Number of protein chains: 2
Amino acid sequence: MATSREVKKEARWLNPREMKAWRTYIIASRRMLEALDSDLAGYELSMADYEVLAQLSDAPGRKLRMSELAEIAMVSKSRLSHRMKVMEKAGWVRREECPQDRRGFFAVMTDKGFKAIERAAPTHVESVRNRFLDHLTVKDQEELSKIFDRVQSQLRGQFINEE
Amino acid sequence: MATSREVKKEARWLNPREMKAWRTYIIASRRMLEALDSDLAGYELSMADYEVLAQLSDAPGRKLRMSELAEIAMVSKSRLSHRMKVMEKAGWVRREECPQDRRGFFAVMTDKGFKAIERAAPTHVESVRNRFLDHLTVKDQEELSKIFDRVQSQLRGQFINEE
DNA sequence: TAGAAGTAATTCAACTTTCAACTACCTCGC
DNA sequence: GCGAGGTAGTTGAAAGTTGAATTACTTCTA
């Protein structure tokens, strides 16, 4: 495995400050996400499904190509397909053929779906405030935006993996 | 559904600054976690499994009661049971009966398991630096710790759900 | 010291997610 | 206008996750 070209790099372990920042962030985030999910459970929605419906409800005509929806809601195409089947059964969405591209489909939100998300939205927003935003000052919000903008912009395919 | 006691609360939607902070944080976090997971994939480890093994390797005797391990690695007991079965098959851990409490078991890390985590750890730490810590100043780290300490401490069972 | 109540861990069944394979269609170059 | 290669979306099987039920204890209380 080791070739002569390889330099055995000494791992730079995290110092206490780094460790604290990293673990506090990761653990609090995990727990907060769990809480948000459980706040939505009463509406038979997971965060992921909420996100899908929210994006769809914002789209012109509450209608979006499957791929585009998958993209902006950050789920895989396959996962979206499966979830759509479930939400279709619940009567929240339906599929509509795309005349311009006969391979494609639109995901369309039904009135029932719109009502469902409209019902859940205030709770979810309150939930985001309670669990997260209320603990940030305006300055914190701006600082956080900056930090995570940097994090995200550096994220495309450096390091180890293919794309 | 609406009773006379209930006040129809106007939802306080997020203003642009709040929205930006929330979405940037959530989206960047999601993508970063994905990246960290894929950085670990070469070691046949998910972040969750890494966390379990890391906690175990830090424990005295590399040995911990199942419940305790589940707790500190933040996975459910049931999930830990299932993962342990997989990791046991990989030869990374084994179960050991607990003589003091015959209901209980210890999760014990094998040498092979220790080597596996030792191999993965430098990459993972590098990964955490590359993907996250490198984008934070020292002040950012401290600020972030403060923010997420607040978030976490307010998280226990307010709002909507049981506990 | 019996037996009620509580706890540790696993199991089962239902559900969700992933990954790779597949179908059907589009696009481009020649 | 044909065929190679690309893209849209679905599917099916395998793997992972959840939550409730279950088993096998321990602990507490009267």
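To find a chain, count down the sequence lines: A is the first, B the second, and so on, and within it residues start at 1. Values in this document were obtained by computation on a predicted structure and should not be read as measured data.
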- On DNA chain C, which is the earliest and which the latest nucleotide, 5' to 3', with an atom closer than 4.0 Å to a heavy atom of chain A?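 Footprint of chain A along DNA chain C, 5' to 3': dT16(C) to dC26(C).
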Without decimals, in angstroms, what is the distance between [X] [atom1] and [N] [atom2]?
{"X": "M66(B)", "N": "dC25(D)", "atom1": "CE", "atom2": "C1'", "value": "16 Å"}
{"X": "K85(B)", "N": "dA15(D)", "atom1": "NZ", "atom2": "P", "value": "13 Å"}
{"X": "L69(A)", "N": "dT10(D)", "atom1": "CG", "atom2": "P", "value": "11 Å"}
{"X": "R83(A)", "N": "dT11(D)", "atom1": "CZ", "atom2": "P", "value": "15 Å"}
{"X": "L80(B)", "N": "dG16(D)", "atom1": "CG", "atom2": "P", "value": "14 Å"}
{"X": "K77(B)", "N": "dA24(D)", "atom1": "NZ", "atom2": "C1'", "value": "13 Å"}
{"X": "L33(A)", "N": "dT17(D)", "atom1": "CG", "atom2": "C1'", "value": "16 Å"}

- Message: Please enumerate all residues that pass side chain to side chain donor-acceptor pair (under 3.5 Å) together with D134(B), with sequence neighbours excluded.
- Response: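 Per chain and number, D134(B) pairs via side chain to side chain donor-acceptor pair (under 3.5 Å) with no residue.
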- Message: If the condition is side chain to side chain donor-acceptor pair (under 3.5 Å), which residues does K63(A) pass it with, not counting sequence neighbours?
- Response: E96(A)
How would you list, by chain and number, every residue that makes a side chain to side chain contact (heavy atoms under 4.5 Å, CB included) with [X], sequence neighbours excluded?
{"X": "F105(B)", "value": "M66(B), R95(B), E97(B)"}
{"X": "R150(A)", "value": "K146(A), I147(A), H135(B), D140(B)"}
{"X": "A59(B)", "value": "L64(B)"}
{"X": "A90(B)", "value": "W92(B)"}

- Message: Near DNA chain C, counting only heavy atoms under 4.0 Å, which residues of residues 93-108 of chain B show up?
- Response: R95(B), R103(B), G104(B), F105(B)
- Task: Return the residues of residues 44-62 of chain A meeting this criterion: a heavy atom under 4.0 Å from some atom of DNA chain C. Order them by number, or give none.
- Result: none
- Message: I'd like to know whether L53(B) forms a side-chain contact (heavy atoms from CB on, under 4.5 Å) with V93(B), so could you lay out the CA-CA distance, the side-chain angles of the two residues, the decisive distance to 0.1 Å, and finally the verdict.
- Response: CA-CA 9 Å; L53(B) 292 180; V93(B) 294; 4.0 Å; yes
- E18(A): salt bridge (Lys or Arg N to Asp or Glu O under 4.0 Å) partners, not counting sequence neighbours: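 Salt bridge (Lys or Arg N to Asp or Glu O under 4.0 Å) check on E18(A) returns R129(B).
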- Quick one: salt bridge (Lys or Arg N to Asp or Glu O under 4.0 Å) partners of R83(B), sequence neighbours excluded?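 R83(B) satisfies salt bridge (Lys or Arg N to Asp or Glu O under 4.0 Å) with D49(B) once adjacent residues are dropped.
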- Item | Along DNA chain D (nearest heavy atom to each residue), the more 5'-positioned of S81(A) and R79(B) | S81(A)
- Side chain of R30(B), backbone of M74(A): donor and acceptor closer than 3.5 Å?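 A pair under 3.5 Å: yes.
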Atom pairs and distances, side-chain donor-acceptor, residues 20-27 of chain A, under 3.5 Å, sequence neighbours left out:
| residue | atom | partner | partner atom | Å |
| --- | --- | --- | --- | --- |
| K20(A) | NZ | T24(A) | OG1 | 3.3 |
| K20(A) | NZ | D149(B) | OD1 | 3.1 |
| K20(A) | NZ | D149(B) | OD2 | 3.0 |
| R23(A) | NH1 | E51(B) | OE2 | 3.4 |
| R23(A) | NH2 | E51(B) | OE2 | 2.9 |
| T24(A) | OG1 | K20(A) | O | 2.6 |
| Y25(A) | OH | S29(B) | OG | 2.6 |

